[in-house]
Amino acid sequence: MNNFDEKKRIQEFSTIQRELLPQINLENKFQVEEIRYIAGVDLAYWDVDEAKYGTCCIVIIDYFTKDVVEKVYSYGEILVPYIPGFLAFRELPLVIEAVEKLTLQPDLYIFDGNGYLHDRHMGIATHASFLLNKPTIGVAKSYLKIQDVDFMMPENKEGAYTDIVINNEVYGRTLRTTQNVKPIFVSCGNWIDLDTSTEIVMNCINNESRLPIPVRLADLETHKIRKKLIER
DNA sequence: GCGACAG
DNA sequence: ATCTTGTCGC
C-alpha cells in the first residue's frame, strides 16, 4: 500500500523492460515509399472522486494527403501511478484497448513521449512496439534528463537539430520543427532509424503546431472525448 | 529536507 | 498530465 510495494513494482517493471531490450532493432523494417497510414497516440486524464481516469485517442492520417482516415478511443480507470521512466506501464493498457478498435492497420505509430531516448532505452514508444508489432517513433515535448546529460539547443531554424549523445551512443535528438518555437525531442521507437524518424516527423508538420499532425490531432481529440465523458 | 520529474 | 485569463504578437 506504499513504499515497499512501490519499489517492488518498479523492480518488476525494470525486469520486464530489460528482457525486451535485446529485441530493439534501429533499422527500418519497411520501405519509406510504402508508408501510407501513420497513427498518432495520446492520452488525457481526469479524476472521479479518489480515482484517476484516462482516455486514449488514436488518430490515423494518410501520410500523402494528410487527411484523417480513422479515429478511435478507449477510456477507463488508470491503475498505475506516473513514475518518471515508467510511463509505458501507466499508459499502454488503454493504448492497447484503443488499437483493438482500429479497422485500419497503421504502418507506423507516433507516441507522445520518448522511445530510445530513455535511461533503459525503453520509453513508451519503444516498449509499445513489442505489443503492437509495428514500427514506432517517440516525440516528447520536454526533456527527461538521462545520466545528468543535458541537450544542446538546436539553431533557431526549421529542421535544425542536435543529437543527444550519451556514452558515445546517440539516444535521440532535439528537433526544431518550427522556427521561433521550442524544439521537440525525437527518438526511435523501434524498427526505424533516427534519420527516417526525423524525416517522417518533419513531413507531418504544418503551421498549426510544433508537433507532428497525428499526435497533435490525437491530443485535441483526447480533450474532446474527456469533455464528453465527464458530462455524463 | 531538497531537487527532479516523458505524461 | 492538470489547475487557468488575459494578452502580446504574427
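Reminder, nothing fancy here: chain letters follow the sequence lines and each chain counts from 1.
- Nearest nucleotide to the side chain of A:Ala44, out of B:dC5, C:dT2, B:dA6: C:dT2.
- In this structure, A:Tyr45 has its ring center at least 6.0 angstrom away from the ring center of A:Tyr53.
- Among the heavy atoms of the strands lying under 4.0 Å from A:Ile124 is at least one base atom, whether or not backbone atoms are also near.
- The side chain of A:Tyr82 contributes no N or O atom lying less than 4.0 Å from OP1 or OP2 of B:dC5.
- The interatomic distance linking A:Leu229 (CG) with C:dT2 (P) rounds to 14 Å, in whole Å.
- In plain terms, the two heavy atoms of A:Gly54 and A:Ile78 that are nearest each other are N-CG1, 3.7 Å.
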Could you walk me through whether A:Glu12 and A:Arg9 pass salt bridge (Lys or Arg N to Asp or Glu O under 4.0 Å), step by step? CA-CA 5 Å; A:Glu12 291 166 355; A:Arg9 174 156 56 179; over 6 Å; no

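- The gap from the C1' atom of C:dT2 to that of B:dC5 amounts to 15 Å, rounded to the nearest Å.
- For A:Lys141 and C:dA1, the shortest distance from a side-chain N or O to OP1 or OP2 is below 4.0 Å.
- No engagement by A:Phe89 is indicated, since no non-hydrogen atom pair under 4.0 Å with the nucleic acid exists.
- Atom C1' of nucleotide B:dA6 and atom CZ of A:Phe86 are separated by 13 Å, given to the nearest angstrom.
- Within the nucleic acid shown, A:Gly85 comes within 4.0 Å of at least one base atom, counting heavy atoms only.
- Closest to the side chain of A:Pro84, from the set B:dA6, C:dT2, B:dC5, is B:dC5.
- Of the candidates B:dG7, B:dA6, C:dT2, the closest approach to any side-chain atom of A:Asp112 belongs to B:dG7.
- Rounded to an integer number of Å, the gap from CD1 of A:Ile137 to C1' of B:dA6 is 17 Å.
- In this entry the distance linking CD1 of A:Ile230 with C1' of C:dC3 reads 13 Å, nearest Å.
- When rounded to the nearest whole Å, the span between CG of A:Asn180 and P of C:dG9 equals 14 Å.
- Taking only side-chain nitrogens and oxygens, A:Ser142 comes nearer than 4.0 Å to OP1 or OP2 of B:dG7.
- Between A:Phe89 and A:His127, the two ring planes are perpendicular [angle over 60°; tilted spans 30° to 60°].
- Residue A:His223 is in sugar-phosphate contact alone, with no base atom involved, counting any heavy-atom pair closer than 4.0 Å across all strands shown.
- Rounded to an integer number of Å, the gap from A:Lys227 NZ to C:dT2 P is 14 Å.
- Nucleic acid contact for A:Asp42: sugar-phosphate only, since backbone atoms but no base atoms lie under 4.0 Å from a heavy atom of the residue.
- Remark: P of B:dC5 and CG of A:Asp119 are 12 Å apart, rounded to the nearest angstrom.
- Ring orientation note: the planes of A:Trp191 and A:Phe130 are nearly perpendicular, at an angle over 60° on the 30°/60° scale.
- Residues A:Tyr116 and A:Glu169 have side chains that bring a donor and an acceptor to within less than 3.5 angstrom of each other.
- Following rounding to the nearest Å, A:Asn114 (CG) and B:dG7 (C1') show an atom-to-atom distance of 10 Å.
- Each of B:dC5, C:dT2, B:dA6 was ranked by its minimum atom distance to the side chain of A:Tyr45; first place goes to C:dT2.
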